Asker: 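Have a look at this one.
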Amino acid sequence: MAAGDNADQIDYWNGEAGNKWVRHRESQDRMLAPLGALSLAAAAVVPGERVIDVGCGCGDTSLALARQVVPGGRVTGIDISVQMLEQARQRAGAKPDLPLSFLEADAASHGFPQGEADVLHSRFGVMFFNDPHAAFANLAGALRPGGRLAFICWRPLAENEWVREPLAVAGRLAELPPIPPPGTPGPFAFGDRDHLVSILKAGGFSEHDIAPHDRPVVMGGSLEEGLIKIVENSPVSRALADAEDEVRARVADAVGDAMQAYMTPEGLTLGTATWLVTARKPG
Ligand SMILES: C[S@@+](CC[C@H](N)C(=O)[O-])C[C@H]1O[C@@H](n2cnc3c(N)ncnc32)[C@H](O)[C@@H]1O
């Protein structure tokens, strides 16, 4: 795959970040499932449709979509992470009857067959483009006239308790890198609603609906499970990437203490704030 504009993200998702997503896949999917349920419901896929799952990662939503398009439809998961795609292909291999395949390519620049897809879907996989306006224009090319877009993405970090609270604890013990300016490729790139609207417009999408959703998610069935995710595979681990082991260990202890306040009968439960975005390619 040509690295193009998204070389940094391609390196990132093919490095330790991709390995961690694979390692924590089941727990990660349990956490994200209730949020993915929102984007899947918004996509409202029906049998026979051709769907592209953008930034499909380990394939959880691609599998769900593939169950919805039978008979007659087809789902393609696209991602840049070799190891996450390998995981997705293994999972799909266990369901050989599903019309599902995966593509290793940069969704921002991939030469999709033009005008063939009915639906573009994504669960947290579209916020990593260096030039999101161009990327969404490219994605729109894949859709047929009248085709639908449905995705879920994070609102600003400050509204997302699941990151804000552990980061606040970490920030008292370690010098953290500055929070990237709004719009920087990364989980919170689409936090600003106006920025999101400009991206959808650049893609030529109409009928946008950008709805805020606030809901708690279970980060782990136990404090330990949730903590491993926070410290190893979340924006907190990104912020601690350059910290020394000893600092990281102290942060983990302190975050563990602070997180006890968020234990519920279901497990470690913190608030999330997302945008559920739907739009249509003019028919
Ligand atoms: C936060 S993960 C979400 C993965 C998956 N959708 C899920 O919900 O489990 C973001 C995903 O987007 C992928 N990604 C980032 N930039 C991409 C690009 N330019 N083209 C395709 N996939 C990309 C990453 O490799 C990663 O798998």
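Both counts, for ligands and for their atoms, begin at 1 and track the order of listing. Everything quoted here is computed from the prediction, not taken from an experiment.
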Asker: Look only at interatomic distance and state if D106 has a nitrogen or oxygen under 3.5 Å from any nitrogen or oxygen of ligand 1.
Answerer: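 Yes, D106 has an N/O under 3.5 Å of an N/O on ligand 1.
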
Asker: Can you tell me if S27 and E225 form a side-chain donor-acceptor pair at under 3.5 Å?
Answerer: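 The answer is yes; a qualifying pair exists.
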
Asker: Does any N/O atom on R123 come nearer than 3.5 Å to any N/O atom on ligand 1?
Answerer: yes

Asker: Got a salt bridge between E207 and R280, using NZ or NE/NH1/NH2 to carboxylate O under 4.0 Å?
Answerer: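 Yes, charged N to carboxylate O under 4.0 Å.
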
Asker: Closer than 4.0 angstrom, basic N to acidic O: yes or no for R148 and E49?
Answerer: yes

Asker: Could you tell me whether some N/O pair between D79 and ligand 1 is separated by less than 3.5 angstrom?
Answerer: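 There is such a contact, yes.
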
Asker: Among all protein heavy atoms, pick the one closest to atom 16 (N) of ligand 1 and tell me residue, atom and distance.
Answerer: I80 CD1, 3.3 Å

Asker: Within a distance under 4.0 Å of any heavy atom of G125, pick out the atoms of ligand 1 and give their elements.
Answerer: 12 (O)

Asker: What donor-acceptor contacts under 3.5 angstrom involve side-chain atoms of residues 180-196, with partners at least two apart or in another chain?
Answerer:
{"unit_1": "T184", "atom_1": "OG1", "unit_2": "P181", "atom_2": "O", "d": "2.6"}
{"unit_1": "D192", "atom_1": "OD2", "unit_2": "D194", "atom_2": "N", "d": "3.4"}
{"unit_1": "D192", "atom_1": "OD2", "unit_2": "H195", "atom_2": "N", "d": "2.9"}

Asker: Which of the numbered atoms in ligand 1 are below 4.0 angstrom from a heavy atom of F129?
Answerer: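 That gives atoms 18 (C), 19 (N) of ligand 1.
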
Asker: Should the proximity of A105 to ligand 1, defined as any heavy atom under 4.0 Å, be assigned to the side chain, the backbone, both, or neither?
Answerer: backbone

Asker: Among all the protein's non-hydrogen atoms, which is closest to atom 12 (O) of ligand 1, and how far away is it?
Answerer: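 Going atom by atom, the protein heavy atom closest to atom 12 (O) of ligand 1 ends up being G55 CA, 3.6 Å.
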
Asker: Verify the distance criterion only: is there a donor paired with an acceptor across the side chains of S198 and H133 at less than 3.5 Å?
Answerer: yes

Asker: Where is the nearest protein heavy atom to atom 20 (N) of ligand 1: which residue, which atom, and how far?
Answerer: A107 N, 3.0 Å

Asker: Does F205 have any ring-ring contact (aromatic ring centres under 6.0 Å, His included) partners at least two apart in sequence or in another chain, and if so, which?
Answerer: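 Listed in chain order: nothing, the list is empty.
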
Asker: Salt bridge check: are E232 and R23 linked by an N-O gap of less than 4.0 Å?
Answerer: yes

Asker: Under 4.0 Å, heavy atoms only, figure out whether ligand 1 is touched by the backbone of M84, its side chain, both or neither.
Answerer: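 Under 4.0 Å from ligand 1, M84 contributes side-chain atoms alone.
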
Asker: Hey, is ligand 1 close enough to L32 that some N/O pair sits below 3.5 Å?
Answerer: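 The answer is no, given that L32 and ligand 1 share no N or O pair closer than 3.5 Å.
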
Asker: Taking the basic N atoms (NZ, or NE/NH1/NH2) and the acidic carboxylate oxygens, is any pair closer than 4.0 Å for R250 and D253?
Answerer: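 No, this pair does not count.
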
Asker: May I ask you to identify, for C56, whether its side chain, its backbone, both or neither come under 4.0 Å of ligand 1 on a heavy-atom basis?
Answerer: backbone

Asker: Pull out every atom of ligand 1 sitting under 4.0 Å from any heavy atom of F124, numbered as shown with elements.
Answerer: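 Numbered from 1, ligand 1 contributes 1 (C), 2 (S), 3 (C), 10 (C).
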
Asker: Hey, is D97 close enough to R67 for a salt bridge, meaning N to O under 4.0 Å?
Answerer: no

